[in-house]
Chemist: 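Got a structure for you, written out below as structure tokens; questions coming shortly.
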Amino acid sequence: MTEPGIRSLLEPHHLLDPHPVYRRWNAQAPVLWDSEIDAWLITGYQESLTALRDAETFCQDWRRVGVDTPPALLSLQTLDPPEHTRIRHLLLEGFKAVDQELLDRTVRTTLDALLADVAGQESFDFVAEVAEPLTLRAVTQLLGVPQPDTRWFVPLSNTIVDGMDASLRPECYEPGVAARAQLTELVGGWLDAELPPGFTAHVRAGAPEAGIDHDVLLNSLRVVLQAGFQTASRFLAIGLLTLLRIPPRRRVPVDTDKSVNELVRYAGPVHVESRACVRDTVLGEQKIREGEIVSMFLGAANRDPAVFEEPDTLRWDRTPNRHLSFGRGPHACLGAQIALQVARHAFGVLGSRYPNARLVTEPEPRPNVTEHGLHRLEMSLREAQPDL
């Protein structure tokens with residue numbers, strides 16, 4: 001068993017800062033066997049990069065190691081090439097059909113309206129009042145589909161993320177499956193609805209010629225909605241928490257690709273990606289056997305001192321910055337650009353308009369190891385007043 005045990009990552013202080021645990025694991029070995037969940041824990045950058053890129057040896061499609069996968073779970077996320085290649089190419093073509101000017105304008109006007117609503121408040125929850133509604137509006141605009149009720153969608157979406165930690169919290173598995181089914185039902189309505197020109201309309205029209213199975217199309221659209229919302233909204237919250245912990249006099253505008261990429265390296269929400277080993281191999285001087293699970297801890301790899309100078313320091317001019325926050329290889333995150341676009345604008349506006357914004361209370365972390373998030377981020381846009 002690893003020391004400290006993997007379940008220690010569920011402790012609130014480690015949910016907010018897991019890096020002391022990651023460093024202790026990496027000091028033992030960059031590839032470490034954990035008997036508690038029967039998986040290899042990979043904290044080294046080069047080892048993580050190798051596993052992410054090598055789809056021949058490390059698979060997302062668990063059918064390749066004998067696991068029965070129901071049609072409801074076959075998607076962009078759970079297929080490997082060549083099936084994965086067809087759906088990925090179709091979705092990439094869909095992104096070209098997006099009206100980028102309209103998307104950018106939507107992000108700007110939505111953020112302005114949300115900030116106007118909270119500007120007069122003494123304090124507010126950034127997660128519920130800004131990050132989640134802003135991101136849901138941006139993602140549905142990107143997809144060219146009607147926006148669901150935030151009060152229905154957000155709890156459902158969070159339940160899906162909870163299910164991703166089923167190896168640590170088995171009770172979350174069945175609710176996660178049920179939540180996926182509900183979200184799939186929502187997406188199914190898009191395939192029969194009149195939609196404006198854009199991403200979903202383009203993908204729907206191109207699917208037959210591309211030879212995409214109906215279930216795969218449906219599930220992949222669900223994945224784009226779900227992953228796009230969660231990655232972007234959670235990064236807004238965790239990234240802003242990181243910025244608010246910096247004294248105002250030392251803050252810099254985080255409104256460029258370079259600065260946002262440094263923030264996502266340092267405080268990106270996605271911490272774990274897992275694969276199954278298809279054939280016996282060696283990784284980080286460890287023998288990995290066919291059928292064994294490898295879990296790449298991207299948050300740890302992003303602070304590997306062998307790759308990143310001063311890895312625990314935010315260096316806004318860091319170049320190159322080959323972080324793994326959005327994965328690598330055939331399963332690299334399709335929605336990375338929307339996450340960066342929303343974050344660049346949100347952090348830029350908050351930093352320029354409200355340079356003295358502050359944290360009001362310590363945040364409440366969500367109990368997620370795979371994809372970190374916050375229940376609440378209570379903050380104020382106003383400078384703290386001195387005690388009289």
Side-chain angles (χ1 to χ4, degrees), residues 52-53 55 59-61 63 69 71-104 106-107 135-148 153 157 160-161 164 180 183-233 235 270 273 275 324-343 371:
L52 290 169
R53 282 179 167 171
C59 69
Q60 282 275 70
D61 189 342
R63 296 175 300 177
T69 305
L73 295 181
L74 294 178
S75 73
L76 173 76
Q77 274 185 334
T78 60
L79 293 171
D80 285 329
E83 292 174 280
H84 171 271
T85 305
R86 290 196 296 273
I87 183 64
R88 184 177 178 88
H89 281 177
L90 178 62
L91 295 176
L92 287 172
E93 287 298 315
F95 281 113
K96 296 178 183 178
V98 173
D99 184 336
Q100 292 292 337
E101 288 187 6
L102 177 58
L103 176 59
D104 188 64
T106 298
V107 171
T135 304
L136 186 56
R137 183 73 187 95
V139 171
T140 51
Q141 177 66 54
L142 169 77
L143 295 176
V145 298
Q147 179 175 322
F153 176 81
S157 181
I160 294 173
V161 177
M164 293 161 61
R180 278 193 183 91
L183 206 54
T184 300
E185 187 176 346
L186 169 74
V187 173
W190 301 347
L191 300 185
D192 300 319
E194 288 190 23
L195 297 174
F199 180 91
T200 302
H202 183 91
V203 168
R204 180 179 63 181
E209 184 178 348
I212 306 301
D213 177 84
H214 178 270
D215 286 334
V216 171
L217 174 63
L218 193 63
N219 298 332
S220 296
L221 288 172
R222 183 200 70 225
V223 164
V224 175
L225 171 65
Q226 162 70 10
F229 170 76
Q230 285 292 346
T231 301
S233 64
F235 176 45
V270 180
E273 281 203 30
R275 305 282 192 272
L324 303 181
S325 298
F326 298 117
R328 285 294 178 87
H331 287 281
C333 178
L334 273 179
Q337 200 54 46
I338 182 65
L340 293 173
Q341 182 177 355
V342 173
E371 187 163 9

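The figures that follow rest on heavy atoms only: side chains count, while hydrogens, waters and symmetry mates do not. Given the structure is predicted, the values throughout are model-derived calculations rather than measurements.
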Chemist: Can any side-chain N or O of Arg88 pair as donor or acceptor with the backbone N or O of Leu334 at less than 3.5 Å?
Modeler: no
Chemist: So Phe229 and Phe153, would you call those rings parallel, tilted or perpendicular, with 30° and 60° as cut-offs?
Modeler: perpendicular
Chemist: Which atom names give the shortest non-hydrogen contact between Ala138 and Val342, and what distance separates them?
Modeler: CB-CG2, 3.9 Å
Chemist: What pair of heavy atoms forms the shortest contact from Pro71 to Asn219, and how long is it?
Modeler: O-ND2, 2.9 Å
Chemist: Which distance, rounded to the nearest 0.5 Å, do you find between the OG1 of Thr106 and the CZ of Arg137?
Modeler: 5.0 Å
Chemist: Do you know which two heavy atoms are closest between Ala232 and Thr135, and how far apart they sit?
Modeler: CB-CG2, 3.5 Å
Chemist: From His331 NE2 over to Leu76 CG, what is the distance, rounded to the nearest 0.5 angstrom?
Modeler: 7.5 Å
Chemist: Counting only heavy atoms from other residues, nucleotides and ligands, does the tally under 6.0 Å from CD of Gln100 exceed 12?
Modeler: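 Enclosed.
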Chemist: Does the Gln141 side chain pair with the main chain of Leu103, one donor and one acceptor, at a distance under 3.5 Å?
Modeler: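 No, Gln141 side chain to Leu103 backbone: no donor-acceptor pair under 3.5 Å.
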Chemist: Is any side-chain heavy atom of Leu186 closer than 4.5 Å to a side-chain heavy atom of Leu225?
Modeler: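 Yes, close enough: below the 4.5 Å cut-off.
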Chemist: Is the shortest heavy-atom distance from the side chain of Gln230 to the side chain of Ile160 under 4.5 Å?
Modeler: no
Chemist: With rounding to the nearest 0.5 angstrom, report the CZ to CG distance, Phe199 to Asp99.
Modeler: 15.0 Å
Chemist: Calculate, to the nearest 0.5 Å, the distance between atoms CZ and CG belonging to Arg86 and Leu91 respectively.
Modeler: 13.0 Å
Chemist: Please check: side-chain N/O of Thr200 versus main-chain N/O of Leu143, any donor-acceptor pairing under 3.5 Å?
Modeler: yes
Chemist: Would a distance-only check, ignoring hydrogens and angles, find a side-chain to backbone donor-acceptor pair under 3.5 Å from Asp80 to Pro330?
Modeler: no
Chemist: Pair Arg180, Leu73 - check side chain to side chain contact (heavy atoms under 4.5 Å, CB included), show working.
Modeler: CA-CA 9 Å; Arg180 278 193 183 91; Leu73 295 181; 3.9 Å; yes
Chemist: Kindly compute the distance separating CG (Leu52) from CD (Gln60), expressed to the nearest 0.5 Å.
Modeler: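 It is 9.0 Å, given to the nearest 0.5 Å.
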Chemist: How many angstroms lie between CG in Leu90 and OG in Ser220, if you round to the nearest 0.5 Å?
Modeler: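 Taking CG in Leu90 and OG in Ser220, the distance rounds to 9.0 Å.
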Chemist: Is the shortest heavy-atom distance from the side chain of Val223 to the side chain of Thr78 under 4.5 Å?
Modeler: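 No. Closest side-chain heavy atoms not under 4.5 Å.
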Chemist: With side chains defined as the heavy atoms from C-beta onward, is the minimum distance between Leu191 and Leu217 less than 4.5 Å?
Modeler: yes
Chemist: For the residue pair Gly144 and Leu195, what are the closest heavy atoms and their distance?
Modeler: O-CD2, 3.7 Å
Chemist: Any donor-acceptor pair under 3.5 Å linking the side-chain atoms of Arg222 with those of Thr184?
Modeler: yes
Chemist: Kindly indicate whether the side chain of Ile87, heavy atoms from C-beta on, has any atom under 4.5 Å from the side chain of Ser75.
Modeler: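 They are not in contact (no side-chain heavy atoms under 4.5 Å apart), so the answer is no.
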Chemist: Evaluate the criterion side chain to side chain contact (heavy atoms under 4.5 Å, CB included) for residue pair Val216 and Glu83; output intermediate values, then yes/no.
Modeler: CA-CA 10 Å; Val216 171; Glu83 292 174 280; over 6 Å; no
Chemist: Quick check against the 3.5 Å criterion: does Gln226 have a side-chain atom that pairs as donor or acceptor with the backbone of Ser157?
Modeler: yes
Chemist: Under a 4.5 Å cut-off applied to non-hydrogen side-chain atoms, are Phe95 and Leu142 in contact?
Modeler: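 Yes. Closest side-chain heavy atoms under 4.5 Å.
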